[in-house]
2 protein chains.
Amino acid sequence: MARVQRDGGDDSAPTTELPAVRDQDPSAVSEPVTGSVNGRKVPMATDKARAIPEAAVARLAVYLRVLSGMAEQGAVTVSSEELATAAGVNSAKLRKDLSYIGTYGTRGVGYEVDVLTSEIERVLGLTGQQKVAVVGIGNLGHALANYGGFPGRGFPVEALFDVDPDLIGIPVGGLPVNHIDDIPDICAKRKIAIGVIATPPTAAQAVCDRLVDGGVHCVLNFAPVVLQVPEHVEVRKVDLAIELQILSFHVARNAEQRASRRAAAARASSNGEVV
Amino acid sequence: MARVQRDGGDDSAPTTELPAVRDQDPSAVSEPVTGSVNGRKVPMATDKARAIPEAAVARLAVYLRVLSGMAEQGAVTVSSEELATAAGVNSAKLRKDLSYIGTYGTRGVGYEVDVLTSEIERVLGLTGQQKVAVVGIGNLGHALANYGGFPGRGFPVEALFDVDPDLIGIPVGGLPVNHIDDIPDICAKRKIAIGVIATPPTAAQAVCDRLVDGGVHCVLNFAPVVLQVPEHVEVRKVDLAIELQILSFHVARNAEQRASRRAAAARASSNGEVV
DNA sequence: TGCTGTGAACGTGTTCACAGCT
DNA sequence: AGCTGTGAACACGTTCACAGCA
């Protein structure tokens with residue numbers, strides 16, 4: 001029961017449609033796998049050891065991007081230290097992350113760039129194409145429909161939807177916009193794997209339901225609402241307003257610290273203490 | 001030392017400019033505040049107890065949004081259970097989160113919506129306005145410049161920048177675009193608090209440096225690169241391609257599980273076992 | 001010698017369960 | 001009786017430090 005939406009549940013942006021950042025996810029990737037419920041938690045052999053921490057999965061995607069940059073520059077092997085630095089993590093964490101997917105390095109040497117690349121792609125399920133549908137062709141939807149990084153990384157945008165009659169039929173990024181009522185049909189026909197919701201928050205839940213009806217199992221939600229979905233559907237959230245508020249918190253905290261450090265310094269100097 | 005960029009360092013999107021999701025951040029918000037402890041690590045009285053976990057901060061922003069919705073509907077008080085459900089978390093976590101900012105509830109009753117709202121706003125530093133600059137007026141930059149959720153939540157967009165000469169001077173969302181060479185000047189003059197980078201990845205670091213020169217302490221980075229910044233600067237990252245790859249991982253994992261469950265079921269049934 | 005792979009220690013964040021007000 | 005606030009248990013994720021292989 002309980003677990004309705006995989007994201008711990010953080011969201012934000014008040015009103016409109018351009019939301020943005022958020023991700024993170026407390027639950028381990030592997031499986032909440034609570035067998036029988038609260039009574040206790042059944043061990044429930046989670047198949048293999050598909051136990052890659054969520055946080056590690058996110059970083060693997062980063063390593064992949066860094067690796068592709070290195071491959072372009074002709075690198076053949078990388079050490080954990082090099083790769084870690086380029087990805088902005090420490091080498092111990094990088095090695096631990098890589099150890100979750102297998103052992104593909106050579107001791108005393110490092111990793112072969114192309115081997116590592118394809119292993120990470122395999123684990124992330126990036127060997128095939130995952131078709132994407134974008135719903136809500138406002139400012140953000142336009143941006144997403146035209147985003148080059150999608151098709152370039154195996155995520156071709158293959159359907160667009162909106163409610164606005166003026167938009168229906170208009171091509172955006174070479175693809176015509178369809179009405180949201182056609183979501184279930186079209187998604188099923190075109191085998192859409194991932195639905196991106198870029199609608200105003202009020203429309204998001206209805207859109208999400210239709211995506212699920214169309215057989216979509218993964219949703220990337222830019223609308224600032226908590227979506228209710230069946231258990232087999234994966235939702236990730238991106239909420240710009242929340243990101244800004246988090247930054248705001250850090251500004252406030254730093255300002256406070258500076259202030260109290262000043263106060264402490266003043267106190268200390270008036271006491272003749274050495275700081 | 002060490003900590004160059006607050007985000008653990010995950011990023012992604014390969015090529016272009018519309019990147020997207022990522023956040024999370026391992027480090028505790030407050031302070032490692034390790035007493036003197038074994039190795040050592042100076043006691044370093046971390047001022048008050050500004051020890052709010054990063055994850056809790058993100059959720060506080062969510063609660064805030066939910067609360068504003070409730071206030072609109074005329075709610076005066078909420079129980080932790082109601083608020084938690086609406087925010088998509090469990091009530092224990094919600095109460096714990098709220099306990100970090102103080103005790104503003106009434107036992108046996110719940111929380112007053114307006115009190116809680118203003119307390120969260122205070123902690124998040126949302127009492128004043130934080131001026132925002134958007135750099136890179138492509139598809140995403142346009143979307144961000146027009147995003148209603150920014151000004152509506154105390155984050156007015158007050159400067160736009162790009163390199164493209166054709167864009168300079170053109171008003172976007174009522175604000176003219178300036179050249180990125182003017183970033184330091186204009187940010188300093190207009191007291192910009194937060195810089196949003198929506199440029200192609202190749203330009204991101206240079207843009208970031210100029211923002212820092214202009215006195216910006218907080219950066220929201222949509223470009224798929226790991227930014228290097230001085231220690232006092234806070235960077236958050238949003239990388240769309242990474243989000244999709246994470247979803248992709250879950251698709252792959254679920255597919256595998258279904259497959260092996262089928263296999264197990266087949267095995268079991270051929271053994272005459274009851275599943 | 002050098003770098004990977006990993007068990008074990010550690011720290012952070014989540015959940016539990018109940019004491020304490022109202 | 002009900003709901004908050006919170007210490008304590010627990011789970012997850014990160015870091016350490018070193019054994020093991022090339």
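Below, chain A is the first sequence line, B the second, and so on; all start at residue 1.
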(request) Return the nearest nucleotide to the side chain of B:Lys96; candidates are C:dT15, C:dT14, D:dG5. (result) C:dT15
(request) Using whole Å, report how far CD1 of A:Ile52 lies from P of D:dC12. (result) 15 Å
(request) Among the candidates C:dT4, C:dT15, D:dC16, find the nucleotide nearest to the side-chain atoms of A:Ala92. (result) D:dC16
(request) Report the distance from atom CG of B:Leu98 to atom P of C:dG13, rounded to the nearest whole Å. (result) 17 Å
(message) I want to check one thing: is the phosphate of C:dG5, taken as OP1 and OP2, less than 4.0 Å away from some side-chain N or O of A:Thr103?
(response) yes
(request) Using whole Å, report how far OH of B:Tyr104 lies from P of D:dG5. (result) 10 Å
(message) Looking at A:Arg107 and C:dT4, is any side-chain donor or acceptor paired with a base atom of the opposite kind under 3.5 Å?
(response) yes
(request) Using atom CD1 of A:Ile101 as one end and atom C1' of C:dT6 as the other, report the distance to the nearest whole Å. (result) 15 Å
(message) Between P on C:dT6 and CG on A:Leu94, what's the gap in Å once rounded to a whole number?
(response) 14 Å
(request) To the nearest Å, give me how far apart CD (B:Glu119) and P (D:dG5) are. (result) 12 Å
(request) Please figure out whether B:Gly108 or B:Asp97 has its closest DNA chain D nucleotide nearer the 5' end. (result) B:Gly108
(message) Taking only side-chain N and O atoms of B:Tyr111, does any of them lie within less than 4.0 angstrom of OP1 or OP2 on D:dG5?
(response) yes
(request) For D:dT4, take OP1 and OP2 only and decide whether either is under 4.0 Å from a side-chain N or O of B:Ser80. (result) yes
(request) Can you measure from CG (A:Leu67) to OG1 (A:Thr117) and round to the nearest 0.5 angstrom? (result) 4.5 Å
(message) On a heavy-atom basis, which atom in B:Gln245 and which in A:Leu64 lie closest, and how many Å separate them?
(response) OE1-CD2, 4.1 Å
(message) By nearest heavy atom, map A:Ser99 and B:Arg95 onto DNA chain C; which one lands nearer the 5' end?
(response) A:Ser99
(message) Tell me whether A:Thr85 contacts the main-chain N or O of A:Glu81 through its side chain, where contact means a donor paired with an acceptor under 3.5 Å.
(response) yes
(request) Using a cut-off of strictly less than 4.0 Å, decide whether A:Asn90 has a side-chain nitrogen or oxygen near OP1 or OP2 of D:dT15. (result) yes
(request) Please state how far atom NZ in A:Lys93 lies from atom P in D:dA17, giving the value in whole angstrom units. (result) 17 Å
(message) Output the rounded distance in Å from CG (B:Leu116) to C1' (D:dT4).
(response) 12 Å
(request) Would you mind telling me which of B:Val225, B:Leu211, B:Leu220 makes a side-chain contact (heavy atoms from CB on, under 4.5 Å) with B:Ile197? (result) B:Leu211
(request) Could you tell me which non-hydrogen atom of B:Ala204 sits nearest to which non-hydrogen atom of B:Ala223, and how far apart they are? (result) CB-CB, 3.6 Å
(message) Please confirm whether the shortest side-chain N or O distance from A:Arg59 to OP1 or OP2 of D:dG13 is below 4.0 Å.
(response) no
